[in-house]
Participant: 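One structure is given below, represented as structure tokens, and several questions about it will come after.
Side chains included, hydrogens not; waters and symmetry mates left out as well; all remaining heavy atoms used. This structure is a prediction, so every number in the text was calculated from the model and none was measured.
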Amino acid sequence: MANALAPQKTMTLGEGGLALVFVALALLSVVVAAKAHTPEYAFHAYLFTAASIASVFAIINRYYERPAEPAPLTVDGKPNYNMGPVKFATVIAMFWGIAGFLVGVYIASELAFPILNFDLPWITFGRLRPLHTSAVIFAFGGNVLIATSFYVVQRTSRARLAGDLAPWFVVLGYNFFIVIAGTGYLLGITQGKEYAEPEWYADLWLTVVWVTYFLVFLATIFRRSEPHIYVANWFYLAFILTIAVLHLGNNASVPVSLFSPKSYIVWSGVQDAMVQWWYGQDAMVQWWYGHNAVGFFLTAGFLAMMYYFIPKRCDRPVYSYRLSIIHFWALIFLYIWAGPHHLHYTALPDWAQTLGMTFSIMLWMPSWGGMINGIMTLSGAWDKLRTDPVLRMMVVSVAFYGMSTFEGPLMSVKIVNSLSHYTDWTIGHVHSGALGWVGYISFGAIYCLVPWLWNKKLYSLKLVDWHFWISTIGIVLYITAMWVSGILQGLMWRAYTSLGFLEYSFVETVVAMHWFYVIRALGGLLFLIGALLMAWNLWKTVYSAETATSASPALAPAE
């Protein structure tokens, strides 16, 4: 009688539909692999086949292991949060981060000591450099953004993450894209666009994953039990939506064939009446994308982390909620116009160059408004900077954000740009933001998340202290070496003799950079060592027997 009344387990529409989709994708991938024009493309097709088959087995296995009833939205009146995808994304972020930092140190060493190329084409600077940038920006940074956004939207909405398999599809699908992109760089599969090297089939897969990400995030907000939408969710939503638009616009291409990895960008050389301002020239669309990838991937999403994790860590409310809203809307309206400052003194119309410079300078104000808001959140809790190295790391990240967002508008001014652009000064600027701002706010968020997610006490605050100081010294060495190197480059390139000839050959400028490149490699090595200390600390935290008394932070009234 009890068995008759027990609910019958049936495969949900999502489980069955997704399994069928992966079966179809596996069959298509086998056909593509058999008829691929190049062995490299065939290799990627086999990866798609293996991943699709593994996904089908995982879905079926999960169906047999799960209870008949779906996971409840609440348990004893409290939200039943889904933290499985968050845990996976947090762990894989650290893996990709260390891999990306390691490749960065190696290619920095290659510039100082070219013999490290070993005359092997797949480890030359040209192939490893996009591998490094994608690993640290999209693999490390992307997974941190996914993990924190899925965590924050649940906590601040008091609602379980929308979807059953969809969150896992986002996390696993995104990391499969990273694998396809990274192996593609090493195999020479690239469309040669800054921050957008993967070819059409990888872009298409990422589009599906990203749309799913957007729908999961939006649906979670719609099912919230908290009427207020916390400001961090506005920044996350802007980041997700704008990156989707940038990706679709910049990567619109026509494949040569289903069986070829090669494609041709739609916008190249085409003056389209409807979109010519943004896409009329390939360089224009590239830096509209490239700069806003920085603006919305490396700024908006990480500002969301600042607005959640700093207040939670110091147990203080955001200094000014009104300022955070002004910060948000000013950033959204201004950032999208700043891309043309990368194209000063090019064939781009002068009015477009000036427009990009003007909006870049205007960006200084809302950016510093956000920086002040983040730092002043510590009002009444400044003493915690002495005792909590995690909070110190996040506050220093905001200081780096302020420095970078002052330096960026300065470098967009045409007279300064004439000296700085195409030199190592730009490299130093980018890495002061990437290592100091993005790296430190990410590390701080992960240091918070791991004890909360695993209900453990952080293994060692002393190790966090060591991580902070070692990596800070590394960052200072890196960016100061590149600042001096870049200014020296610019001055040498523009030096003329009394007869009007260039005073220095290009080779002489390269030789002059040698010791600066050695210092940069040393700075990167120190940053990598700090990350390794962090990974060890988190490993010991997860596998520690000591359980935290209150690992998950209490919800604040406005949260």
Side-chain angles (χ1 to χ4, degrees), residues 12-25 28-29 48 51-52 55 59 82 85-86 88-89 92 134 137-139 141-154 157 159-181 191 193 195-196 198-224 229 233-255 263 266 275 285 288-289 292-293 295-297 300-301 304 332 336:
T12 64
L13 182 62
E15 290 171 330
L18 197 58
L20 290 176
V21 167
F22 278 121
V23 168
L25 182 59
L28 176 63
S29 300
F48 269 98
S52 300
S55 299
I59 292 170
N82 180 9
V86 179
F88 180 88
I92 203 71
S134 290
I137 296 173
F138 300 116
N143 275 290
V144 171
L145 287 166
I146 291 173
T148 56
S149 64
F150 278 173
Y151 180 88
V152 171
V153 75
Q154 291 186 86
S157 300
R160 181 179 173 85
L161 203 59
D164 183 27
L165 293 177
W168 281 107
F169 174 76
V170 171
V171 172
L172 297 176
Y174 184 79
N175 282 279
F176 181 70
F177 161 77
I178 297 298
V179 171
I180 292 295
Q191 58 181 351
K193 293 172 75 69
Y195 306 137
E199 269 291 358
W200 64 272
Y201 55 95
D203 287 336
L204 189 60
W205 173 256
L206 179 60
T207 301
V208 175
V209 171
W210 205 260
V211 170
T212 308
Y213 180 25
F214 174 71
L215 293 176
V216 169
F217 192 88
L218 198 61
T220 305
I221 291 178
F222 281 152
R223 67 158 50 162
R224 70 187 186 279
I229 300 178
N233 291 325
W234 286 103
F235 277 95
Y236 279 127
L237 201 56
F239 136 71
I240 298 169
L241 184 58
T242 309
I243 290 300
V245 174
L246 293 170
H247 175 73
L248 292 173
N250 187 53
N251 294 287
S253 58
V254 179
S263 65
V266 169
V275 292
V285 66
W288 170 78
Y289 168 86
N292 287 298
F296 287 89
F297 200 95
I332 297 308
I336 205 79

Participant: Hey, are the side chains of Arg223 and Ser157 touching, using non-hydrogen atoms and a 4.5 Å cut-off?
Facilitator: no
Participant: Looking at every heavy atom in both Ser29 and Phe48, which two are closest together, and how far apart are they?
Facilitator: OG-CB, 3.3 Å
Participant: For the residue pair Ile221 and Val153, what are the closest heavy atoms and their distance?
Facilitator: CG1-CG2, 3.6 Å
Participant: Which pairs pass side-chain hydrogen bond (donor to acceptor under 3.5 Å, both in side chains) with one or both residues in residues 160-181, sequence neighbours excluded?
Facilitator: Arg62-Asp164, Trp96-Asn175, Asn143-Asn175
Participant: Are the aromatic ring centres of Trp205 and Phe169 under 6.0 angstrom apart?
Facilitator: yes
Participant: Of all the heavy-atom pairs spanning Ala304 and Phe235, show the shortest one and how long it is.
Facilitator: CB-CB, 3.6 Å
Participant: So which atom in Tyr213 and which in Ile146 form the shortest heavy-atom distance, rounded to 0.1 Å?
Facilitator: OH-CA, 3.7 Å
Participant: Checking side-chain polar atoms at under 3.5 Å, does Thr220 have a donor or acceptor matched by the opposite partner on Gln154?
Facilitator: no
Participant: Mind checking the CG-OH spacing from Leu246 to Tyr195? Nearest 0.5 Å is all I need.
Facilitator: 13.5 Å
Participant: If you define the side chain from C-beta out and look only at heavy atoms, does anything of Ile336 sit under 4.5 Å from Thr242?
Facilitator: yes
Participant: Could you check whether any side-chain heavy atom of Trp200 comes within less than 4.5 Å of a side-chain heavy atom of Val254, counting everything from C-beta outward?
Facilitator: no
Participant: Kindly indicate whether the side chain of Leu237, heavy atoms from C-beta on, has any atom under 4.5 Å from the side chain of Phe214.
Facilitator: yes
Participant: Measure from the side-chain N and O atoms of Gln191 to the backbone N and O of Ala196, and report whether any donor-acceptor pair falls under 3.5 Å.
Facilitator: yes
Participant: Show the nearest heavy-atom pair for residues Ile229 and Trp234, with the distance to one decimal.
Facilitator: O-NE1, 3.5 Å
Participant: Taking Phe217 as the fixed residue, which of Leu241, Ile240, Thr212 is the one that meets the side chain to side chain contact (heavy atoms under 4.5 Å, CB included) rule?
Facilitator: Ile240
Participant: Assess the residue pair Trp210 and Phe239 against the criterion (ring pair (Phe, Tyr, Trp, His ring centres under 6.0 Å)); give the C-alpha distance rounded to whole Å, side-chain angles, the decisive distance to 0.1 Å, and a yes or no.
Facilitator: CA-CA 11 Å; Trp210 205 260; Phe239 136 71; 5.7 Å; yes
Participant: About how many Å separate OG of Ser263 and CG of Asp203, when rounded to the nearest 0.5 Å?
Facilitator: 7.5 Å
Participant: Can you name the nearest heavy-atom pair linking Val86 to Ala147, along with the distance?
Facilitator: CG1-O, 3.5 Å
Participant: Atom CG in Asn251, atom OG1 in Thr207: separation rounded to 0.5 Å?
Facilitator: 7.5 Å
Participant: For Phe150 and Tyr236, what are the C-alpha separation, side-chain angles and deciding distance, and is it a side chain to side chain contact (heavy atoms under 4.5 Å, CB included)?
Facilitator: CA-CA 10 Å; Phe150 278 173; Tyr236 279 127; over 6 Å; no
